[in-house]
Structure formats: C-alpha cells, structure tokens
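Order of the sequence lines fixes the chain letters, A, B, ..., with proteins taken first and strands second; residue numbering starts at 1 for each chain.
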Number of protein chains: 2
Amino acid sequence: MAELDWSQLSIDKGKPIPRYYQVSEALEKFIERNDLASGVKLPSEEHLAELFGVSRPTINKAVQLLMEKSLVRKVRGKGTFVIQKKLVPFVFMQDLTSLGESLKKSGLPFTTEVIEAKKIQASSFIAHNLMLEPGSLVVYLKRLRRVEGEPIFVGESYLSAKRFPDLLKHDFVSQTLYSILEKKYRLPIVKAKRMLRVVKPSAEDASLLEIPLSQPLIKLDGTAYSWEESVVLYSETKFRGDRVTLTSTVSYNPRTIGKSDEKHRLV
Amino acid sequence: MAELDWSQLSIDKGKPIPRYYQVSEALEKFIERNDLASGVKLPSEEHLAELFGVSRPTINKAVQLLMEKSLVRKVRGKGTFVIQKKLVPFVFMQDLTSLGESLKKSGLPFTTEVIEAKKIQASSFIAHNLMLEPGSLVVYLKRLRRVEGEPIFVGESYLSAKRFPDLLKHDFVSQTLYSILEKKYRLPIVKAKRMLRVVKPSAEDASLLEIPLSQPLIKLDGTAYSWEESVVLYSETKFRGDRVTLTSTVSYNPRTIGKSDEKHRLV
DNA sequence: AAGTGGTCTAGACCACGGG
DNA sequence: CCGTGGTCTAGACCACTTG
C-alpha cells in the first residue's frame with residue numbers, strides 16, 4: 001500500500017467559512033479521494049493542527065463532525081480511524097414482523113442481550129397505551145440487539161402482567177417475543193401501529209449503544225394488537241441512526257386507503 | 001408571570017462528568033421544571049458562564065447540545081430562546097399517498113416552493129433507479145415544503161423526460177405531483193418502494209431548511225411504480241428530524257407477508 | 001454603541017491505551 | 001513512560017440585531 005500524503009491538506013483562512021468546517025470537508029474529501037476504507041488511522045489531532053495551521057480545539061471540532069457523519073471513529077488513547085460503514089436493513093414498516101424476525105430475514109448474524117426483565121407498575125403513559133388502569137402490573141423487558149457484535153438497537157417492551165403471568169420464564173435470547181406470544185399464548189399479532197421520529201440518546205442509551213451523545217437515534221414506538229382493539233404490546237425501540245435503514249414496499253390495496261389519521265398528537 | 005430565578009443553577013465540578021453536559025442537563029431541567037414553553041429568552045452565554053462558574057466556550061457547547069435536541073433556538077445578535085416543539089405527522093409508510101397528499105390529510109396549512117425545475121441528463125445512479133440508459137434526459141424537480149411558514153422538508157424528484165415531455169408546464173404549487181401523473185398522464189401510482197435513513201444535511205440543505213449543520217435529517221428515498229415493474233418516479237426527500245414523525249398502521253394481509261427483501265445493499 | 005452568539009487561539013490538565 | 005483524544009480556560013475578534 002502506498003504511503004498516504006497528508007501534507008497536501010490545507011484550507012483557505014480568508015474565506016468566510018468556519019475553519020472547522022473547511023478542515024472537516026478537506027479530510028472527508030481526502031478520505032474519499034484516496035478511497036480509505038478499513039481502519040486507516042488519521043494523523044493525531046495535534047499533528048493535524050500543525051498541518052492545517054489551526055489550533056487543536058478547531059481540529060477537534062472538525063473531526064467531531066466527521067464522527068457525527070460516521071466517517072471516523074475516535075478512540076481515546078489510540079487515535080482516530082476511518083470506518084467502513086455497514087448499514088443494517090430492516091424490512092419493517094410494511095410487515096407485521098417483529099424486529100427480531102426482520103433481523104432473521106436479513107440473514108445477518110445477530111445476538112440478543114436481556115438488559116432487564118421484570119414486573120413493574122405501569123406509568124400513566126404506559127397504562128394508557130396498553131389500555132390498562134394506571135398502576136397496573138406490567139412485564140417490562142429491555143433488550144439490546146447486536147449485529148456482528150456491534151450494538152444496533154435497544155428495545156423496551158411492555159405487556160400486561162395479568163394477561164401474561166409467566167412471560168418472564170421464557171428465554172428471550174433464542175426466541176423472538178412475537179413467536180412466544182404466538183406459540184405459548186396463542187395470540188398472533190394481526191395489527192400494529194407505529195410512529196417513528198429522530199431523537200438524541202440519553203446517557204444510558206449512548207452507553208449501551210456505544211455511541212457519542214451527539215449521534216441521533218431513530219425511535220420507533222409501536223403498539224401491537226392481536227385482534228381488533230385488543231392491545232397486546234407497547235414497545236419503544238431506539239436504533240443507531242448511523243447503522244440502520246428502514247425499508248418498505250407498499251402496493252395498492254383499496255381496503256387500506258384513507259382510513260389512517262386518527263389522533264396524531266401535535267406535541 | 002413570575003420572574004425566573006436562574007441564579008439557583010449550578011453544577012458539581014468535582015464529578016467525572018463533562019461540565020458542558022452538566023450545564024446542559026441543568027438548563028434542560030430548569031426549562032422543564034419552570035414549564036418554559038414559548039419564546040422565553042435564556043440569559044446570555046456570558047451571563048450563564050458567570051452563573052455556572054465556567055468559561056464561555058463551555059457554555060456555548062452546552063447550549064449547542066440543547067439546540068441539537070431542538071429545545072432552544074439560537075439567534076445571532078439576539079439571544080437563545082426556548083422553542084415550542086410542534087411535530088408534523090406524516091401518515092406515510094403504509095399508504096401510497098405522496099407527501100403532499102399526506103400533508104393535505106393532516107389538515108395543517110402548508111405551502112410549496114419550486115426551487116428548481118428543469119431537464120437534466122441522468123446520472124448513472126438516477127438512470128439505474130428509473131431503469132433508463134445513463135445520460136437519458138430526465139425531468140428534475142426540487143421543491144421545498146413549509147408548514148405554518150416553517151421549512152419541513154425538501155424533495156427532489158426524477159422522471160423520464162421522454163415519458164413526460166410537457167411535465168414542466170404544470171403548476172406544482174397548487175397540485176401534487178401524484179395528482180398530475182394520475183389526471184394528466186393517466187398513470188396512477190400503484191406500488192412504491194421506500195428506504196429511510198438518518199443523514200446530516202449538506203450546507204445547501206441546512207440553508208434551505210433553516211437548520212444548523214448539526215441537526216440530523218430523515219432521508220426517504222422512494223421509487224414509485226405505475227404497474228408492475230413500470231417505474232414512474234424516483235425521489236429523494238429530506239425531512240427536518242426535529243419536526244417530523246412518520247406513522248403507519250399495518251394490518252394482517254396474507255398476500256403481503258414474506259415477499260419483501262430483494263436487494264438491500266449493505267453499503 | 002451595546003449586546004449577543006459564532007468562532008478561534010494558545011496552552012493546559014486529564015484519562016486511557018500501549019509499550 | 002509516551003501518545004492519544006476529552007475537556008477546559010481566559011481572552012479575543014467578528015457579524016449580526018437592536019436601540
């Protein structure tokens with residue numbers, strides 16, 4: 001492999017464009033032009049500061065931008081490395097599959113970690129979504145999914161504890177929640193409502209997903225129904241925005257047209 | 001309205017948590033606790049620096065975090081203001097409606113601005129998506145949609161110029177693209193594929209949507225078909241991630257199960 | 001002119017990883 | 001120990017808004 005010539009990098013300090021932005025662009029173009037893919041190491045921030053003739057905090061902010069674009073990964077004590085982005089596709093918004101099932105379909109190797117599994121008293125928000133009385137006992141399940149070892153999303157699920165008394169005895173590592181509901185409780189999911197938005201991670205989210213606080217998440221809240229108006233499950237899922245795509249294919253179906261918007265809260 | 005007492009704000013400099021993060025949290029809690037909604041003005045960054053006993057750059061970064069969470073808006077020369085978030089719901093992933101039609105259904109007042117409308121030579125990427133020869137002439141349409149005056153999304157559409165020779169003569173401000181296709185060209189959309197992901201705005205995106213470069217966008221790429229395998233339209237839409245939710249309701253339909261994933265590129 | 005956020009600097013100390 | 005990124009400071013100049 002040829003040596004990389006970082007010394008050609010420069011910016012125009014006269015331009016009315018922030019230096020950190022110019023630096024960020026220059027580095028991005030350099031990475032593209034030289035087709036740096038795998039784990040190539042960038043010069044240290046101090047060295048970059050010299051190269052560009054700016055201060056270290058300016059370089060720090062520039063590299064921060066690249067990290068938010070998921071072009072590089074900073075590792076304290078080691079350096080900054082170019083990353084090879086791999087997107088995990090979820091075929092989701094159109095099917096009634098659970099996320100676990102969508103992962104299975106994708107064929108990618110994934111694992112499930114149970115972060116928490118317990119019964120709790122439902123908050124008024126959760127109770128409302130499950131159509132229960134506030135304070136009812138609910139099963140709370142928090143799981144982290146990894147693909148090829150890397151954290152991809154963290155999901156929290158809520159189900160009525162009365163309706164599923166022994167749910168926590170099942171093994172959530174090897175089975176999907178949907179399959180347990182269907183096989184053990186004879187309650188197939190036949191309808192689901194979902195709402196998607198972009199949020200910032202909490203400190204805990206960031207820690208679990210191994211991302212900086214600056215990186216946006218895709219938050220998908222969903223309610224699953226077994227038959228009309230019978231709520232089975234409420235869930236909140238947070239995906240790493242840099243690693244996930246959601247896809248859907250919709251075909252014309254006269255029965256599903258025009259009966260959609262009921263109560264979309266304008267928060 | 002009672003006077004706000006900002007002086008109670010403080011952080012613990014001994015903790016191993018970044019000061020800018022502590023400041024950011026303290027401000028967020030203060031806003032919540034005092035239920036500051038509309039355009040309440042925060043103390044100046046210099047004043048905040050005094051209050052917390054930290055330097056101005058640290059305050060600047062803390063407030064930056066709040067801005068990325070869309071809790072405040074910074075205006076140069078004026079100050080920093082609490083914002084009242086309003087989310088625009090799109091009922092979208094499930095229906096074959098265009099975004100304009102989804103907006104109409106929501107009942108919110110919106111406007112359309114045509115940024116560009118012209119014929120161009122298709123790049124190989126666009127040509128591939130429209131199933132045309134590279135270099136073919138395509139109609140390119142770039143529009144900005146505002147809701148209640150605020151920019152919400154910017155969309156770019158590509159259609160075969162050969163198939164729609166006089167498309168650019170239509171009025172895109174008062175009619176949706178889908179309705180023109182259906183009424184003038186007798187080509188109803190009966191199928192659509194969509195892919196969603198989170199991206200950073202380009203400098204131009206940020207300018208059009210009036211957002212900082214740090215704010216994430218929801219990017220929705222779509223292909224619309226008139227009848228099986230007849231591609232009509234390829235589009236790329238970028239939504240402000242802080243102002244938009246996407247919702248869907250999916251019901252059980254044996255015909256749509258299990259025939260989904262064809263070619264999801266693992267970039 | 002005064003107040004505000006946008007940006008930058010030069011230098012500093014820390015925590016972490018690796019020899 | 002050294003090199004790395006993470007963070008912070010004190011002070012500065014600029015551009016923009018308002019009076």
Side-chain angles (χ1 to χ4, degrees), chain A residues 6 11-27 39-68 71-83 203 206-207 210-215, chain B residues 6 11-27 39-68 71-83 203 206-207 210-215:
Chain A
W6 297 93
I11 61 172
D12 179 353
K13 296 191 184 179
K15 272 198 234 171
I17 297 175
R19 295 184 184 182
Y20 67 84
Y21 190 71
Q22 291 189 54
V23 169
S24 173
E25 278 194 316
L27 288 174
V40 179
K41 184 170 177 298
L42 263 58
S44 76
E45 298 196 347
E46 196 174 350
H47 191 20
L48 285 174
E50 276 180 36
L51 284 176
F52 284 101
V54 300
S55 71
R56 230 253 284 168
T58 301
I59 295 292
N60 184 276
K61 185 161 187 179
V63 180
Q64 189 78 16
L65 285 188
L66 293 182
M67 189 179 59
E68 288 174 15
L71 293 173
V72 303
R73 192 167 54 115
K74 294 169 120 178
V75 185
R76 193 204 304 236
K78 296 182 70 174
T80 301
F81 306 86
V82 176
I83 28 184
S207 162
E210 298 171 16
I211 53 172
L213 288 164
S214 54
Q215 193 167 89
Chain B
W6 297 93
I11 61 171
D12 179 353
K13 296 192 184 178
K15 272 198 235 174
I17 298 174
R19 295 185 182 181
Y20 68 83
Y21 190 71
Q22 291 189 55
V23 169
S24 173
E25 277 194 316
L27 289 173
V40 178
K41 184 170 176 298
L42 262 57
S44 76
E45 298 197 348
E46 197 174 348
H47 190 18
L48 285 174
E50 276 180 35
L51 283 177
F52 284 101
V54 300
S55 71
R56 231 254 281 169
T58 300
I59 294 292
N60 184 275
K61 186 160 185 179
V63 180
Q64 188 78 16
L65 285 187
L66 294 182
M67 189 179 60
E68 288 174 13
L71 293 173
V72 302
R73 192 166 53 115
K74 295 169 117 175
V75 186
R76 194 200 313 231
K78 295 182 73 174
T80 301
F81 305 87
V82 177
I83 14 185
S207 162
E210 298 172 16
I211 53 172
L213 287 165
S214 54
Q215 193 165 91

Below 4.5 Å, heavy atoms only, C-beta onward: do [X] and [Y] meet side chain to side chain?
X     : Y     : answer
A:Y20 : A:I11 : no
A:L48 : A:L27 : yes
B:N60 : B:K74 : yes

Could you check how far [atom1] of [X] sits from [atom2] of [N], rounded to whole Å?
X     : N      : atom1 : atom2 : answer
A:K78 : D:dC2  : NZ    : C1'   : 16 Å
B:I59 : C:dG5  : CD1   : P     : 11 Å
B:E46 : D:dA12 : CD    : C1'   : 12 Å
B:M67 : C:dT4  : CE    : P     : 18 Å
B:K13 : C:dC14 : NZ    : P     : 15 Å
A:K61 : D:dT7  : NZ    : P     : 14 Å
A:R56 : C:dT9  : CZ    : P     : 13 Å
B:F81 : D:dC16 : CZ    : P     : 17 Å

Notebook entry, point to check: If you check every side-chain atom of B:P18, which of C:dT4, D:dG5, D:dC8 has the closest atom?
Noted result: D:dC8

Does [N] have its OP1 or OP2 closer than 4.0 Å to a side-chain nitrogen or oxygen of [X]?
X     : N      : value
B:Y20 : D:dT7  : yes
B:N60 : C:dG6  : yes
B:S55 : D:dA10 : no
A:T58 : C:dT9  : yes
A:K74 : D:dT4  : no

Note to self: Using a distance-only criterion (donor-acceptor N/O pair, under 3.5 Å, no hydrogens), is the base of D:dG5 paired with the side chain of A:R73?
What the structure shows: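 Answer no: no donor N or O sits under 3.5 Å from an acceptor.
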
Check: Is there a donor and acceptor pair, one atom on the side chain of B:R19 and one on the base of D:dG6, closer than 3.5 Å?
Finding: no

Item checked: Note: B:R56-B:E45 ion pair, threshold 4.0 Å (strictly below) -> yes

Note to self: If the test is side-chain contact (heavy atoms from CB on, under 4.5 Å), which one of B:L71, B:T80, B:T58, B:V23 qualifies with B:V63?
What the structure shows: B:T80

Item checked: Position toward the 5' end of DNA chain C (nearest nucleotide), B:K41 or A:V75 -> B:K41

Next item on the list: Assign each of B:P57 and B:S44 to its nearest nucleotide of DNA chain C by heavy atoms, then name whichever residue's nucleotide is nearer the 5' end.
Entry: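 Per heavy-atom nearest nucleotide, the more 5' residue is B:S44.
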
Margin query: Need one value for B:V63: base, sugar-phosphate or nothing, where a base atom within 4.0 Å counts as base even if backbone is also close, heavy atoms only.
Written below: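 Touches nothing.
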
Next item on the list: Would you kindly compare A:Q64 and A:G77 by the position of their nearest DNA chain D nucleotide and give the one closer to the 5′ end?
Entry: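 Mapping each residue to its closest nucleotide by heavy atoms, the 5'-most match is A:G77.
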
